[in-house]
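Within every chain, numbering begins at 1; the chains are lettered A, B, ... in the order of the sequence lines, protein sequences first and strands thereafter.
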Amino acid sequence: MKNDQIAGMFDLLADMLEIQGSNPFRIRAYRNASRNLGSMAESLEEMVRNDEDLTQLSGVGKDLAGQIQEIVTTGKHKQLESLRSEVPPGVLDMLRIPGVGPKKVAVFFNELKLTSLSELKQAAQAGELAKLKGFGKKTEQSILEGIDQAAEAGKRVSIRDARRWADEIVQDLLKVDGVTQAEAAGSCRRRKETCGDLDVLAICEDASRAMDALEAHPLVEKVLQRGDTKQRVRLQSGIEMDLRVVPEESFGAALQYFTGSKEHNVVVRGLARDQGLKLNEYGMYRGDDYVAGRTEEDVYAAVGLPWFPPELRENRLEFKLAEAGPLPELVSVKDIRGDLHMHTTASDGAATVEEMATAARERGLKYIAITDHSQRVSMANGLDAERLRAHWKEIRRVREQIDGIEILCGIECDILEDATLDLPDEVLAEADWVIAVLHYGLKQPRDQIMKRLMCAVNNPHVDIIGHPTGRLVGRREGADVNMMDLLKAAADNGVMMEINAHPKRLDLDDVHAAAAKDLGIPIVISTDSHSVNGFEMLEYGVDQARRAGLTKKDVANTRTPTQFRKMLKRN
DNA sequence: GCCGTTTTCGGCCCGACTGTTTTCAGTCG
């Protein structure tokens, strides 16, 4: 039983309790626990097996500890099972309709006995919803429109798309007459790997000018709401965006407020309250007196906190770091000196060794590793021993010809389904840099997955585990990796861990990267480039590392070429 | 249901927008 499965059960429970009109704080407790469980590195199953105290986990008390234990040991959750028989699954689907929440769903279910989206649609078309108390024609119409979107709703977009759209709109808003400042907030600013919606803030003397501009923007499909200070639109891509127009003296407070995360803000507001202050999106107040709000720095300073990089604002690490002293400086793109995962035309890349090396040098990199696929990945024209040796010969030739950048002879070697490596040890021994990865058999049971990873970690020639879970963000779950066991073994064997920078991978994720750092494992942020444009992905990997609280020191490829070589096992 | 403690019960964020309501409830972030 994986952590996120258990978290999912608590979320489902919360949905059902909400429709039943339970105590909202009890519901929040389930959601809160769900979130915390979903973002922890240790496996709950292991914790139960080792008889560890689950109430140590934040948001988990005696009751939930018992429920987790029940789920892990029996695979079931009695309370959830009995609620399931009371609330049909189709009723939960109704929650996905924009503007429809638990109260409305309860009315549909209890008064009209509707149990699915299609029944709800028929009732709306027959005009039955508008007859209900508290409902009218407009609500009925908007539900009718919303039902078709329900399937799409909740879809998240990659940080890369989110940033492209948000940045474009921000840049265009800044050109609008009267707009003096504009910035993206929300999960996009925190660089979360996916975004459910976009938030943009602007200062504009006449808010309607900014809103008119947004309404006319080519990326915008439709205005969903428009008030005096807030406008909500849907972009062509289907994702929704909020624009808030705020006064200058509130910009910092609003930026802080709308950047979140919610959990981070709860803590900040709590600290404010403890000091007799009140924080909202307009500013920090003592009674009715404005204390701060122009900048985020002012807001944090008013409660005795340092300014936090947005990537840290998840209420996971940042408050502990702040308590321990000045915040560490997080790693940044300019710190990265090497890129140690990339492909060429020898396997499935689009550029030659020479082209990749030249492009890397132009981007200011001092060393790279060429790591084409091994033979198992036949689809990608993976290399067998003979072709690999010829390829390395070619790399050495280019190495002699190009100044200003070091090139390592590497390989991205598959860890096969039977827990052996795709190339013999004597071949791997000739490499400068060996990345071991899972590509196939990702659905194998945990025991076999771990057997494979341990085989790689224990091999003396393996330098690093690449994209350790093999997940594809929003598309494919990764293998069932016991990450803490893998990290401990990696630490014991001097094996590094990769943060694969491609926005579709971002693997390790932020939580596991933080766990790796805690164990002292050197982390490498690599782009896995398949063309010269691939190097642009570096920033997404760096953002993920920043979310894990990594500094320059924690990231091996911030070292100079000489320093980096000294970190390798074979030296 | 959790948490903290001014230890065992009270607090748990709150403001914008919409629609239906004529003073507010529901939803959302």
Tell me the interatomic distance from Glu263(A), atom CD, to dG29(B), atom C1', rounded to whole angstroms.
12 Å

Strand contacts (DNA chain B) in residues 75-84 of chain A, 4.0 angstrom heavy-atom criterion
none

The side chain to side chain contact (heavy atoms under 4.5 Å, CB included) partner of Ile71(A) among Met9(A), Lys78(A), Gln5(A) is Met9(A)

Using atom names, set out every protein N or O paired with an N or O of nucleotides 6-9 of chain B below 3.5 Å, distance rounded to 0.1 Å.
none

Donor-acceptor pair between Asn50(A) and Glu46(A) side chains, under 3.5 angstrom:
no

Could you tell me how far apart Gln67(A) (CD) and dC2(B) (P) are, to the nearest whole angstrom?
8 Å

Partners of Arg164(A) by salt bridge (charged side-chain N to carboxylate O under 4.0 Å, His left out), sequence neighbours excluded?
Asp161(A)

Between Tyr30(A) and Gln67(A), a side-chain donor and acceptor under 3.5 Å
yes

Taken to the nearest whole Å, CD/Glu240(A) to P/dA16(B) is 20 Å

Please check if any side-chain donor atom of Asp242(A) sits under 3.5 Å from a side-chain acceptor atom of Gln225(A), or the reverse.
no

Does a salt bridge link Asp197(A) with Arg156(A), judged by any charged N lying under 4.0 Å from a carboxylate O?
no

Indicate yes or no for a side-chain donor-acceptor contact from Asp199(A) to the backbone of Thr259(A) under 3.5 Å, with no hydrogens or angles considered.
no

Take atom CD1 of Ile27(A) and atom P of dG1(B), then tell me their distance rounded to the nearest Å.
11 Å

Please find the pair of heavy atoms, one from Ile159(A) and one from Arg191(A), that lie closest to each other, and give the distance.
CD1-CA, 3.8 Å

Rounded to the nearest angstrom, tell me the gap between atom CZ in Arg244(A) and atom P in dA16(B).
8 Å

Tell me whether Arg35(A) is salt-bridged to Glu314(A), with the criterion being a basic N under 4.0 Å from an acidic carboxylate O.
yes

Looking only at side-chain N and O atoms, does Thr73(A) offer a donor or acceptor that is under 3.5 Å from a partner on Gln69(A)?
no

Parallel, tilted or perpendicular: which fits the ring planes of Phe308(A) and Tyr300(A), with parallel below 30° and perpendicular above 60°?
perpendicular

Between P of dG1(B) and CG of Leu13(A), the distance in whole Å:
9 Å

What residues form a side-chain contact (heavy atoms from CB on, under 4.5 Å) with Pro24(A), not counting sequence neighbours?
none

Run the side-chain donor-acceptor check on residues 125-140 of chain A: report pairs under 3.5 Å with partners two or more places apart or on a different chain.
from, atom 1, to, atom 2, distance (Å)
Lys137(A), NZ, Glu140(A), OE1, 2.9
Glu140(A), OE2, Glu128(A), N, 3.4
Glu140(A), OE2, Leu129(A), N, 3.0
Glu140(A), OE2, Ala130(A), N, 3.0

Partner residues of Asp53(A) under the side-chain hydrogen bond (donor to acceptor under 3.5 Å, both in side chains) criterion, sequence neighbours left out
Thr55(A), Gln56(A)

Give the rounded distance in Å between these two atoms: CG of Asp228(A) and C1' of dT18(B).
13 Å

Compute whether any side-chain donor of one residue and acceptor of the other, for Glu318(A) and His264(A), lie under 3.5 angstrom apart.
yes

Under 3.5 Å, which N/O atoms of the protein pair with N/O atoms of nucleotides 10-14 of chain B?
from, atom 1, to, atom 2, distance (Å)
dC12(B), O3', Arg28(A), NH1, 3.3
dC13(B), OP1, Arg28(A), NH1, 2.2
dC13(B), OP1, Arg28(A), NH2, 3.1
dC13(B), O2, Arg269(A), NH2, 3.2

Taking only residues two or more places apart in sequence, or in another chain, which ones meet Phe258(A) in a side-chain contact (heavy atoms from CB on, under 4.5 Å)?
Ala185(A), Leu201(A), Arg244(A), Ala254(A), Glu281(A)

One thing to verify: whether Asp15(A) and Arg31(A) come together as a salt bridge, which I'm taking to mean a side-chain N less than 4.0 angstrom from a carboxylate O.
yes

Taking only heavy atoms on the protein side, list every residue of residues 292-323 of chain A lying under 4.0 Å from any atom of DNA chain B, sorted numerically.
none

Can you list, in residue-number order, the parts of residues 99-114 of chain A that come under 4.0 Å of DNA chain B, counting heavy atoms only?
Gly99(A), Val100(A), Gly101(A), Pro102(A), Lys103(A), Lys104(A)

For residues 208-222 of chain A, which side-chain donor-acceptor pairs fall under 3.5 Å, sequence neighbours excluded?
from, atom 1, to, atom 2, distance (Å)
Ser208(A), OG, Asp206(A), OD1, 2.7
Ser208(A), OG, Asp206(A), OD2, 3.3
Arg209(A), NH1, Asp177(A), O, 3.2
Asp212(A), OD1, Arg226(A), NH1, 2.9
Asp212(A), OD1, Arg226(A), NH2, 3.0
Glu215(A), OE1, Arg226(A), NH1, 3.2
His217(A), ND1, Leu219(A), N, 3.0
His217(A), NE2, Asp172(A), OD2, 2.7
Glu221(A), OE1, Arg234(A), NE, 3.1
Glu221(A), OE1, Arg234(A), NH2, 3.3

Between dG4(B) atom P and Asp274(A) atom CG, what is the distance in whole Å?
12 Å

Using a strict heavy-atom distance below 4.0 Å, which residues from residues 120-145 of chain A are in contact with DNA chain B?
Gly134(A), Phe135(A), Gly136(A), Lys137(A), Lys138(A), Thr139(A)

